[in-house]
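Working notes, beginning with the structure itself.
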Amino acid sequence: MQNFPLTVKAREDFPLLKRKIHGHPLAYLDNAATTQKPNCVIDALVRFYENHNSNVSRGVYTLAEEATEIYEEGRESVAKFIGANDSGKIIFTRGTTESINLVAAAWAQPKLKTDERILVTEMEHHSNLVPWQMVAQKAGAELVYWPITPETGSSDGGRLDLQKLDELLADSVKRKRSFRLLAVSAVSNVLGTVNPIAEIIELAHARGVPVLVDAAQAVARMPIDVSGWDCDFLAFSGHKIYGPTGIGVLYAKNERLEEMLPFQGGGGMIRQVGRQTSTWADAPQKFEAGTPPVAEVSGLAAAIKYLRNFGMQEIQRHEYELTTHALKRFAEFEDLELYGPPETIERCGVVSFNLRNVHPHDVAQVLDESGIAVRAGHHCTQVLHKRFGIAASVRMSFGLYNEIPEIDRLFSALDQAREIFLK
Amino acid sequence: MQNFPLTVKAREDFPLLKRKIHGHPLAYLDNAATTQKPNCVIDALVRFYENHNSNVSRGVYTLAEEATEIYEEGRESVAKFIGANDSGKIIFTRGTTESINLVAAAWAQPKLKTDERILVTEMEHHSNLVPWQMVAQKAGAELVYWPITPETGSSDGGRLDLQKLDELLADSVKRKRSFRLLAVSAVSNVLGTVNPIAEIIELAHARGVPVLVDAAQAVARMPIDVSGWDCDFLAFSGHKIYGPTGIGVLYAKNERLEEMLPFQGGGGMIRQVGRQTSTWADAPQKFEAGTPPVAEVSGLAAAIKYLRNFGMQEIQRHEYELTTHALKRFAEFEDLELYGPPETIERCGVVSFNLRNVHPHDVAQVLDESGIAVRAGHHCTQVLHKRFGIAASVRMSFGLYNEIPEIDRLFSALDQAREIFLK
Amino acid sequence: MNTPTIYRDLLLEHARHPKNSGRLESPDLQASAFNPLCGDELELTLSLSAGTIQDCKTQVRGCSICQASASMMSEMILAKTLKDAAKTSQIFTESLSKEAEEIPESLELLRPLIALKTHRSRIKCMKLAWDALEDCARQNET
Amino acid sequence: MNTPTIYRDLLLEHARHPKNSGRLESPDLQASAFNPLCGDELELTLSLSAGTIQDCKTQVRGCSICQASASMMSEMILAKTLKDAAKTSQIFTESLSKEAEEIPESLELLRPLIALKTHRSRIKCMKLAWDALEDCARQNET
Ligand SMILES: Cc1ncc(COP(=O)(O)O)c(C=O)c1O
Ligand SMILES: Cc1ncc(COP(=O)(O)O)c(C=O)c1O
């Protein structure tokens, strides 16, 4: 059994991991849904509310200046974390879902023409599908799916094939039905597939197609470099990177920011309000109507600082080893169906499977009885699940505090599921 | 000097009130912008993150069930607090601003016709104006303003006149240009005016006009009864009722809920997702795309419990006495311009003014030097300020922890402003 | 499942060997139910005679609880009037509420399910078949 | 304002008796600036001769800091080239950043303003006049 210095140190920082579930120590393996919070994040929230709480930007008194400072420093720390050269490109939202809806409403909707299309992949989360369906429907346009590679369980299953993308792009040029946008996730929340974002963006840009990167799963798992990638939009959630709920980020590059109409109307996003019409503040304020989630931003900044202390490379390596171990264990069992690439090199942190002839709900409930928290369901990817011919699956997903023995506990507990449901 | 048992007890509960600002005890008089948080609210957040943190609705394991329970119990406590008979009518949003934008996008936009209009008042916050401007513009429709009563400083200034409303409604029937909606605040965030919501709704409904109530300022200051009022929509923010940032509420009655299209697309709001089209979950989930702010909901529920312990009537009485005292003090000074009704009976908790020939910024900064936090600016009501012929004003606004001596300190500190800027 | 073994065995027995599983060839009423959280699906087909349920079958793609519930339901509603069956469904729903303490006598057969009600996430699984039943009852009214 | 009294007095003097206040009758360039946070407005009018600022006036509706800044600016930029004036504006902006420690010699006159930079909420007040100046410089380039 390997030893993970990172984990041993990290576990102490997360109060929730001390919980016992049905008498067992909690093995929290649902990090793709949401991550636990280290003490420093919780403390940041408490510190904000106990010392600096006030509304931002609009007050000249001391507290208001402190709160504004905390808010804008949070913006800067996000910018640095994802490689943006200017915090003015960072828009705070409620989460990945709202970030994507913002792009859909403020940028795609006003631009989309009936003869244009939106390119998505079969592995997208509903939050990176449904907004585009809604936009396309209003414009009378349609979605085109970049399919995943076919053979499930074989060595090239569940990935995105760059050559296929090139064909789709070339075909769209030939048919003069251009893509308004390619919306693609950096890491699949079901398959764990790590998509080659840099190459994808390069191909898309070569044909003039802007790219939105859904980085909800990637940001906690690998270094992000929006400038190096030259991506047009990137979205993620605070609660999936060890930060609080209620906060998300949209990065947009300058050209796109300039093209975006306002999103929601209200306080903070205006310049001058007349009786019938108004003018707008500059970005990013233009897209942040209403009182912003200042406490949540302070918590997000604390989470980012925490992650930077470990180093994203270190965390990536850690999850890589956990994933490798999990995949190795899967090879031992004939009755487990694994989805997504079986090679660790192309995936990270997320592994979905089914125990043949046992419903994922039943599996998850039996695992819970042993204190193991995994998710059962379609994980907000019905299109992907239909593609595999299944309705649901069991998903384990790792965080920086997980350990190999937790994964082994899961495989042991699967025996109990077999015992109960297949005996 | 009166004695406020409520305040004396309450002050202990708010850690931030112990802060010193420039060597003085903090007199926090910017409660209309945001309120401070009692320990029980901060504790609720900590407790959630330390013990129950997990994503809601989609997990069958213990933690996920606990989080879902906390989330749905929060919905129930909000429903009870505002007199809704069914928690299914409570939609969680990011704040008042998002709640209003939700109604604008999901209900008003699809319905609004060019020959219809939207009725607003001159005292609305930008968050209850700009969304309607945006909706109206897209539809080629227009806003109509229900003016406030004219004489500033006189006994009938800064109120809404029911007879005028009746005229506007009758005129719209005569001209066959119906109002799609009346959007009105329950309490003005600048004038403190308490609007006669029950009567307003009755008049509007008599002409078939639905009413949206912006209760951002009202909810922390008086009992709310959406069922008794029969209002169509009601919006408010957690952070203005002693709860956390990042959480807000939209109440909608059944008829309206049924008319509403989805708002944002994504996880949690769907029923079935196909490749080109999807179907939607029932309300309220239909309007809550993405991971919800579960921690924030637990904090909001704690705030509501805290308020119910005092009793909203008690809090209302308390703010009434503070307001009465402030208005009495204003009468002593010739160089202070007061905006809004000078009678306490029609206003609560919020008092805006100017020190003649001194800019509000300068006044607020001098007050800050004495530890007094007030707001200077247009308070997101440029239309109202233009109506008064001013660009900005100074605003003091009360919370349940404020005391009469704090108000007196403000009036003393105004002498310093006079000394510096008018000597 | 944290419930006494006897209940669990009862449920598993139903799940493994569901009663009245499948589809009626020419049903008088039919309804589907869908659980958006996990994608589970269920189809209920009924034949009626003078308001009484003559025959019924359920086709289930779901977890053991969902299957067991459908199987138990089919046993309980046969030979009942559709109205009475729908009423049973409502009583079942009430008995699943957090506040409910006693299990009504008429629901004795469902005790193994109701015992699981503390698992709030599984309520929808238990109710899927009954949702379809209530849908049939509504169809019959109009 | 928590700054040594001598600075404060200097600022107040400018605010009370602003230099070059008003509007030029037929300016070569003009620009307005607006602070959306408080509704303050400022209009700058300039006359140029061979790129050099011959005359300038500011019309201000704003707080004491905004007025003082406009007044000080008007004194500093007179007889400078518009280009140099815009450069001064940029140096001023840099000296207002949180990190900046030293005040450049060329900005000595603005020391009372820069001393207030810890009040981050007032930065926009200080910069309003200079924003209008930079706007004029941009107009002149195109
Ligand atoms: C009357 C009124 N409406 C709406 C709002 C907007 O609330 P929020 O900024 O929390 O969305 C406020 C406060 O800012 C307000 O006072
Ligand atoms: C890949 C991916 N995209 C989008 C989302 C949506 O994120 P949120 O629910 O925080 O808005 C998630 C997680 O739920 C995800 O895994």
Side-chain angles (χ1 to χ4, degrees), chain A residues 15-16 21 33-34 36-37 42 45-46 49-51 53-55 58-63 94-95 97-98 101 125-127 129-131 133-134 142-143 145 239 244-246 264-267 270 273 275-278 289-291 293-296 361 364-365 368 373 375-377 380 382-383, chain B residues 15-16 21 33-34 36-37 42 45-46 49-51 53-55 58-63 94-95 97-98 101 126-127 129-131 133-134 142-143 145 237 239 244-246 264-267 270 273 275-278 289-291 293-296 361 364-365 368 373 375-377 380 382-383:
Chain A
L16 194 136
I21 302 287
T34 198
Q36 298 307 330
K37 319 306 172 199
I42 301 172
L45 296 173
V46 172
Y49 285 126
E50 289 192 350
N51 298 290
N53 177 61
S54 132
N55 212 321
R58 294 162 214 159
V60 303
Y61 57 88
T62 305
L63 278 181
R94 193 150 42 87
T97 303
E98 183 170 60
N101 277 275
H125 187 282
H126 292 162
S127 292
L129 271 189
V130 179
Q133 291 182 344
M134 291 164 81
E142 62 172 11
L143 301 197
Y145 282 81
H239 72 98
T245 54
Q264 300 184 352
I270 57 94
V273 175
R275 288 172 85 94
Q276 295 296 337
T277 58
S278 300
T291 300
V294 200
E296 285 82 354
H361 267 185
Q365 187 114 37
D368 182 55
R375 182 135 304 218
C380 298
Q382 288 188 0
V383 168
Chain B
L16 194 136
I21 302 286
T34 199
Q36 297 307 330
K37 318 306 171 200
I42 302 173
L45 295 173
V46 172
Y49 285 126
E50 289 191 348
N51 299 291
N53 177 61
S54 131
N55 213 320
R58 294 161 212 161
V60 303
Y61 57 88
T62 306
L63 278 181
R94 193 149 42 87
T97 302
E98 183 170 59
N101 276 275
H126 292 162
S127 292
L129 270 189
V130 179
Q133 290 183 344
M134 290 164 80
E142 62 172 10
L143 302 197
Y145 282 82
S237 302
H239 73 97
T245 54
Q264 300 183 352
I270 56 94
V273 175
R275 289 172 84 94
Q276 295 296 336
T277 58
S278 300
T291 300
V294 199
E296 286 81 352
H361 267 184
Q365 187 114 37
D368 182 56
R375 183 133 303 217
C380 298
Q382 288 186 2
V383 168

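Below, chains carry the letters A, B, ... as their sequence lines are ordered, and counting in each starts from 1. Heavy atoms only: backbone and side chains are in, while hydrogens, waters and symmetry mates are out.
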Contact summary for [X] and [Y], nearest pair of heavy atoms:
X	Y	result
A/G246	B/P293	CA-CB, 4.1 Å
A/I42	A/P15	CD1-CG, 3.9 Å
B/G267	A/C380	CA-SG, 3.8 Å

Identify which of [options] forms the greatest number of heavy-atom pairs closer than 4.5 Å to chain A.
options	result
B/S127, B/A364, B/A295	B/S127
B/L63, B/L129, B/V294	B/L63
B/P244, B/S237, B/G95	B/P244
B/E142, B/H361, B/Q133, B/Q382	B/Q133
B/K37, B/R94, B/R275	B/R275
B/N51, B/L45, B/V46	B/N51

Side chains of A/Q264 and B/T97 only: does a donor on one sit below 3.5 Å from an acceptor on the other? no
Value rounded to 0.5 Å, distance of OH in B/Y49 from CD in A/Q36: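 Reported value, rounded in 0.5 Å steps: 10.5 Å.
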I'd like to know whether B/H239 forms a side-chain contact (heavy atoms from CB on, under 4.5 Å) with A/N53, so could you lay out the CA-CA distance, the side-chain angles of the two residues, the decisive distance to 0.1 Å, and finally the verdict. CA-CA 10 Å; B/H239 73 97; A/N53 177 61; over 6 Å; no
Of A/T34, A/N101, A/I21, the largest count of non-hydrogen pairs under 4.5 angstrom with chain B goes to A/N101
Pick one of side chain, backbone, both or neither for A/L143, based on which atoms fall under 4.5 Å of a heavy atom in chain B.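 A/L143 touches chain B through backbone and side-chain heavy atoms alike.
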